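Below you'll find the structure, written out as structure tokens, and then a few comments.
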Amino acid sequence: MADSAPPRPVIALPTPTDAVTPEAAGLTLGRRIRHVRTVRGMTLDQLGAAVGSGASQLSLVENGHREPRVSLLQAIAAALEVPVAELLVPEPPTRRAALEVALERAQRSTLYAGLGLPQVRPTKGTPTDALEAIVGLHAELDRRANAAIATPEEARRANTALRRWMRERDNDLPEIEDLAEEALQHGGYVSGALTHRAVARMAEHLGFTLIHVEDLPHSTRTVTDLANGRIYLPPASIPGGHGLRSLALQAIAHRVLGHSTPRSYADFLRQRVEINYFAAACLLPRGAAVAFLTDAKRAKDLAVEDFRDAFGVTHETAAQRMTNLLTTHLDLRLHFLRVGDDGAIYKGYENDGLPLPTDGTGAIEGQLVCRAWPARMAFTRGDRTTEHHQYTDTPAGTYWSSTQTGVAATGGFAISVGVPFGSAKWFRGRETTTRTTSRCPDPACCRTPAPELAERWSPHAWPSAAVHAQILAPLPSGTFPGVDETEVYAFLDRHAHR
């Protein structure tokens, strides 16, 4: 066994707190510009004339609806006779400005949009105490929404912070990509699908032997014996299948990335993301995968199913791997969803502006996608053997998507990969005539029953909700989160002398 594990890549996970978002920073910048302009006694027209921009464009900047270019920001600072740094201070200039920013942020949230209420636009004549009251009500609404969340708040906030962190990086972690390529060299990988033998060689390089056993503890997927250099895996139920390669690679990843016992649920989630990323980077290696996708884009024939089949992985793995590669290497922004047949989100990612539904913490897990979205429309088809292609008009724009359905032990699921309308030209299935319209989060879109049905049944119906046990992730306890240590130690003791 190797004397020491290689150092893990330096990847700083954000603390799941209410950090300043780009949207909030834009609102604050706009209020600071307005504040200084007002103090200087300048109108929007006068400022616009001084910087060579229209008053309407500057109004969008002051209201946080448009981020100014650096050149425009420098011109505004010069016209207002202040340093650029003064405009970029993260705190609002006054208490009233802070209230206006807080109100704007609250009214842009999906929580408020789902209520179907009109937005309040504060004017100069709006009393400050009225703003205090409205912002206070929003804060209480947010608090109650958080208190009503079904899963532990810490887990959901940590998951949300991690998803946002990955989005900022376009889901691309080059440090792990480099480590995967190095590990593949030790495994003797050349091209095509990664073989089980290559995975075994990768483990051997780290001083481990892969062993398949029938008696793994129920709370584990794999168990690594650090003392004797063994990685225990479940039996090969599907010879040649992708699953065991992935499990072995995830176990190897813990060593390659230098993981230690998770200190918190956020740390546990980060480790899970990293080992899954490493496994995918080995199963669909960056060099070969980017070359394959580049050729497909050149032919305007990108398809998840071809990517899947070329590397012998699952549809979901191929779809998620596209999110790692398409933006950084092919300049395509996209979204990915795994949705249950009841419409609940199990996994999701977007960097193309698709308005994913969220709860009060910003978490998407367990939220219901619109009935008009392809992830749900795919279940209405009679023939589900092929991918479902669809255009969807949303409040954020039109999106094209390819969706494949499947069945797991927990029920049916759909895997969707989509892009904005302008990028559909690169994908197979772009010629589809299937098109729907979604107005969500407007409750009248698909959340509110027809008035005649509500009037007839609301006094006479009592539905009992199904619980999404897979989404209600428990908080960690003990040394290994979610693992029965008694079973694990007894298992290792049984196998130690074999």
Side-chain angles (χ1 to χ4, degrees), residues 1-6 8 179-180 183-184 186-189 193-262 267-269 271-284 311-314 316-317 406-410 469-470 473-474 476-498:
M1 181 174 161
D3 294 333
S4 62
R8 65 179 299 276
L179 290 173
L184 287 167
H186 295 304
Y189 174 81
L194 183 66
T195 65
H196 285 266
R197 179 57 187 146
V199 175
R201 289 196 192 102
M202 293 163 65
E204 289 167 5
H205 175 73
L206 293 173
F208 289 93
T209 301
L210 302 181
I211 300 176
H212 298 279
V213 294
E214 299 276 359
D215 60 337
L216 272 176
H218 293 295
S219 61
T220 67
R221 298 184 300 168
T222 65
V223 172
T224 301
D225 180 351
L226 302 177
N228 298 297
R230 299 170 181 173
I231 296 177
Y232 294 102
L233 301 164
S237 57
I238 306 176
H242 145 269
L244 287 182
R245 286 179 295 153
S246 182
L247 285 177
L249 289 167
Q250 289 173 25
I252 290 170
H254 281 301
R255 308 308 302 159
V256 172
L257 302 176
H259 286 164
S260 57
T261 303
D267 198 30
F268 170 68
L269 283 178
Q271 289 188 9
R272 287 298 294 268
V273 166
E274 289 185 353
I275 64 174
N276 285 332
Y277 193 109
F278 178 86
C282 290
L283 290 167
L284 301 98
F311 292 91
V313 297
T314 65
E316 181 174 353
T317 297
V407 179
T410 55
Q470 300 84 359
S477 61
T479 306
F480 302 101
V483 168
D484 187 330
E485 294 176 46
T486 302
E487 283 192 346
V488 171
Y489 297 151
F491 166 84
L492 288 172
D493 198 54
R494 287 197 304 273
H495 287 270
H497 307 294
R498 292 185 183 179

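This is a predicted model, so every value here is computed, not measured.
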Could you measure the distance from the [atom1] atom of [X] to the [atom2] atom of [Y]? Nearest 0.5 Å is fine.
X    : Y    : atom1 : atom2 : answer
R197 : E204 : CZ    : CD    : 4.5 Å
I231 : H212 : CD1   : NE2   : 10.5 Å
L216 : Y232 : CG    : OH    : 10.0 Å
L233 : R245 : CG    : CZ    : 13.0 Å

For side chain to side chain contact (heavy atoms under 4.5 Å, CB included), just list the numbers for T224 and H254, CA-CA rounded to whole Å, side-chain angles, deciding distance to a tenth of an Å, and then say yes or no. CA-CA 10 Å; T224 301; H254 281 301; over 6 Å; no
Indicate yes or no for a side-chain donor-acceptor contact from R230 to the backbone of I211 under 3.5 Å, with no hydrogens or angles considered. no
Within the side chain of D493, is there an N or O that forms a donor-acceptor pair under 3.5 Å with the backbone of Y489? no
Please evaluate residues L184 and L194 with respect to the criterion side chain to side chain contact (heavy atoms under 4.5 Å, CB included), reporting the C-alpha separation (whole Å), side-chain torsions for both, the decisive distance (0.1 Å), and the verdict. CA-CA 9 Å; L184 287 167; L194 183 66; 3.6 Å; yes
Would you mind reporting whether [Y] and [X] have side-chain heavy atoms less than 4.5 Å apart?
X    : Y    : answer
D225 : H495 : no
S246 : T317 : no
L492 : N228 : no
T220 : F491 : no

Taking all non-hydrogen atoms of both residues, which atom of [X] and which atom of [Y] are closest, and how far apart?
X    : Y    : value
L247 : P234 : CD1-CG, 3.9 Å
A193 : G312 : CB-N, 4.4 Å
P217 : E487 : CB-OE1, 3.5 Å
Q271 : T261 : NE2-C, 4.4 Å

Listing request: all salt bridge (Lys or Arg N to Asp or Glu O under 4.0 Å) pairs with a residue in residues 206-222, at least two apart in sequence or in separate chains. D215-R494
Derivation and outcome, side chain to side chain contact (heavy atoms under 4.5 Å, CB included), residues M202 and L206: CA-CA 7 Å; M202 293 163 65; L206 293 173; over 6 Å; no
Of V256, I275, L283, which is the lone residue that meets side-chain contact (heavy atoms from CB on, under 4.5 Å) with L249? L283
Between I252 and F208, is a side chain to side chain contact (heavy atoms under 4.5 Å, CB included) present by the stated rule, with each step listed? CA-CA 9 Å; I252 290 170; F208 289 93; over 6 Å; no
Parallel, tilted or perpendicular: which one describes the rings of H186 and H205, with boundaries at 30° and 60°? parallel
